[in-house]
Amino acid sequence: MSNTSNPNYHWWQTGVIYQIYPRSYQDSNGDGVGDLPGIIQCLDYLSETLGMNAIWLSPIYPSPMHDFGYDVADYTDIHPLFGTLADFDRLLDETHQRGMKLMLDLVPNHTSDEHPWFIESRSSRDNPKRDWYIWRDGLPSPIRAERSASGDEAGRGVGGEGAPPNNWLSHFGGPAWTYDEGTKQYYLHQFVKQQPDLNYRNPDVVNAILDVMRFWLDRGVDGFRVDVIGLMMKDPEFRDEPPNPDWDGVKPFDSLDHIYTANLSEVHDLILQMRAVLDSYDDRMMVGETYLPNDKLMLYYGTPDKLECHLPFNFQLILAKWNAAGVHKMVDDYEAALPSDGWPNWVLGNHDQHRLATRVGSDQARVANMLLLTLRGTPTCYYGDELGMENVAIPPEKIQDPPAINQPEIAHLVGRDPERTPMQWDDSPNAGFAAPEVNDLWLPIAPNYKEVNVANQLNNPRSFLNYFRKLLAYRKATPALLWGSYSSIDPGSRDAQKNCFVFERQADDQRLLVVLNFSPQDQKLSLPGLGTGRIALSTNLDRAGEVNLADFNLRANEGCIIGL
Ligand code: GLC
């Protein structure tokens, strides 16, 4: 076997990251919500069965859960639903003992309205923490009376005296401002009204969040996924945002061009300060949540003398239309746009996006995972995608997610409950997520759990899970995939160009071809220049051996890794 340790690369470059949504992974105490002791029980699955290198946990901090933990009421403790700091320390220790890394979700843009900082801030206009959040006077009502929306329980902004200070919108529907009766001003919230935005123009706030990072880094955490990193700075003049000329009329939030609330140049100075904290420790990292086109995305790497995010998330595989020619171009464009010292990364799913197997279909989900795990750069996997878990239709009375509750007419588009349902471990009632007698899981189990579950798939040699395990094991043992070069290859005929994506990875004398058929029909590849090759892995796990690349038949929905 080749040597796959390489001192020139960090763990976050050669490793694979696995995202756990803690509420849905493993419920150890029968309350219908997953927890940290539950995750500890699953560590052997993560390290041995799957072979993951790092775990990222969505937020586990105390929170009133208006946005399921992304509304943090205390940055340096654990929500009792999930356990205690002692449970956390045990999780960290046991993760490290298995040679894996543990990353936390850092949510710096906003706190909960129940965070003591905000409670103080809203207590009076002259409280020392008033300026820790973003408070503005309302405008005289005749000017904007029509914008003075009334709020509701699900967290839409609430109008009051006058009208909101400007036209900024919440990502989750309604205005981004809520009127505070007590102090007669509006505060800014880019998400639900219970998530007030912090004011990073105040250096005390910057220092406070850097201290939060140090708190967890001192405990031994290996890195952070930084929530909405590009939103942390807002226009100091609070100008109205212009209309978005390309708006498709679907999500009200998209009706404006967010030039004054997102990706302001000043945010990079803030990220540099966060990076400096990480760099004062040993081999820690941050991955920023950034949904951006290449030109803007690459700015989040910083420059060689001013490094910012180790990885700015690249979500293009999530957003892409699933066709070979488009994905081929998208990968080539991303590779070409990367700064010379920027390390690539790829993602197929997360807790905010419809499940991969639902988006592309279960047959293509195998092809998509082959792509994820053979492209150059760090892959991030979403829990359950290794089984082909699908979106779950949530009955209206069970919907939890604020954007869906706030915008019922587009709930099917914006609701995120369907991709957050409990992990499917086995075919017992509650799918092994919780003990069989537990009632009232926080979200329902998928109807397909009797077939699609870990135990069942481990028993079936060609299951999705066993395919995923083989693919990951192959990646881990293969330098060309870990750090080799990437170049795409013209797949030949027009049909093949339309339906197949072919690329080569190479490290030293190891050369691999990855051939992916995005279509439900057989495709003929003609690559005479490449001679013969040997199939190392196929998505169906049913073929191996030598093939003639001048005349190679790729079956419907098939992908192969071929040694050259
Ligand atoms: C990020 C999170 C999302 C959350 C939002 C507000 O986009 O991924 O789940 O609702 O930020 O914190």
Side-chain angles (χ1 to χ4, degrees), residues 17 19-24 56-75 79 103-115 118 133-134 154-157 168-174 176 178 188-198 200 209 212 224-232 234 251 253-254 258 261-263 267 286-292 297 300 309 311-315 318-319 347-355 380-383 399-407 411 413-421 442-443:
I17 301 172
Q19 180 190 358
I20 290 182
Y21 195 69
R23 295 181 67 89
S24 292
W56 145 38
L57 300 179
S58 282
I60 49 175
Y61 316 104
S63 162
M65 297 282 171
H66 292 290
D67 188 19
F68 296 102
Y70 285 93
D71 47 328
V72 179
D74 181 349
Y75 283 115
H79 196 303
M103 298 163 58
L104 287 183
D105 213 309
L106 183 71
V107 190
N109 179 67
H110 43 267
T111 66
S112 158
D113 62 348
E114 294 182 27
H115 194 293
F118 188 72
Y133 293 83
I134 298 172
R156 286 168 71 107
W168 295 356
L169 295 173
S170 155
H171 285 252
F172 289 168
T178 280
L188 179 72
H189 54 88
Q190 297 200 68
F191 295 90
V192 288
K193 70 177 190 222
Q194 296 91 346
Q195 286 170 299
D197 278 45
L198 282 161
Y200 281 95
I209 212 73
V212 167
F224 299 103
R225 174 267 190 189
V226 186
D227 193 63
V228 293
I229 196 164
L231 304 191
M232 293 168 72
K234 293 88 180 162
K251 293 186 201 165
F253 179 76
D254 296 339
H258 301 290
T261 51
N263 306 305
V267 88
M286 67 174 152
V287 46
E289 189 201 13
T290 42
Y291 283 87
L292 289 170
L297 180 64
Y300 284 83
C309 293
L311 303 173
F313 262 139
N314 167 19
F315 292 128
I318 294 183
L319 305 176
V347 189
L348 286 174
N350 63 38
H351 64 295
D352 295 329
Q353 304 294 338
H354 293 316
R355 283 272 179 191
T380 301
C381 305
Y382 185 49
Y383 85 93
I399 292 180
Q400 312 267 349
D401 192 30
I405 294 175
N406 277 342
Q407 307 169 97
L413 294 175
V414 297
R416 300 168 299 175
D417 298 321
E419 61 263 23
R420 297 176 175 180
T421 59
W442 86 283
L443 282 177

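Counting starts at 1 for both ligands and their atoms, following the listed order.
Partners of T380 according to the side-chain hydrogen bond (donor to acceptor under 3.5 Å, both in side chains) rule, which considers only residues two or more places apart in sequence or in another chain, do not exist here. For the ring pair (Phe, Tyr, Trp, His ring centres under 6.0 Å) test, residues two or more places apart in sequence or in another chain that qualify with F313 are W56, F315. Judged as a side-chain hydrogen bond (donor to acceptor under 3.5 Å, both in side chains), and not counting sequence neighbours, the contacts of D197 are N109, Q190, K234.
When each of H351, H110, Q195 is paired with Y70, the side chain to side chain donor-acceptor pair (under 3.5 Å) condition holds for H351 and for no other.
The aromatic rings of F68 and W442 sit tilted, their planes meeting at an angle between 30° and 60°.
Contact residues of ligand 1 (protein heavy atom closer than 4.0 angstrom to a ligand atom; sorted by chain and number): D67, Y70, H110, F172, F191, Q195, R225, D227, V228, E289, H351, D352, R416, R420.
Inspection of the N263 and Y300 side chains reveals an N or O donor paired with an N or O acceptor under 3.5 Å.
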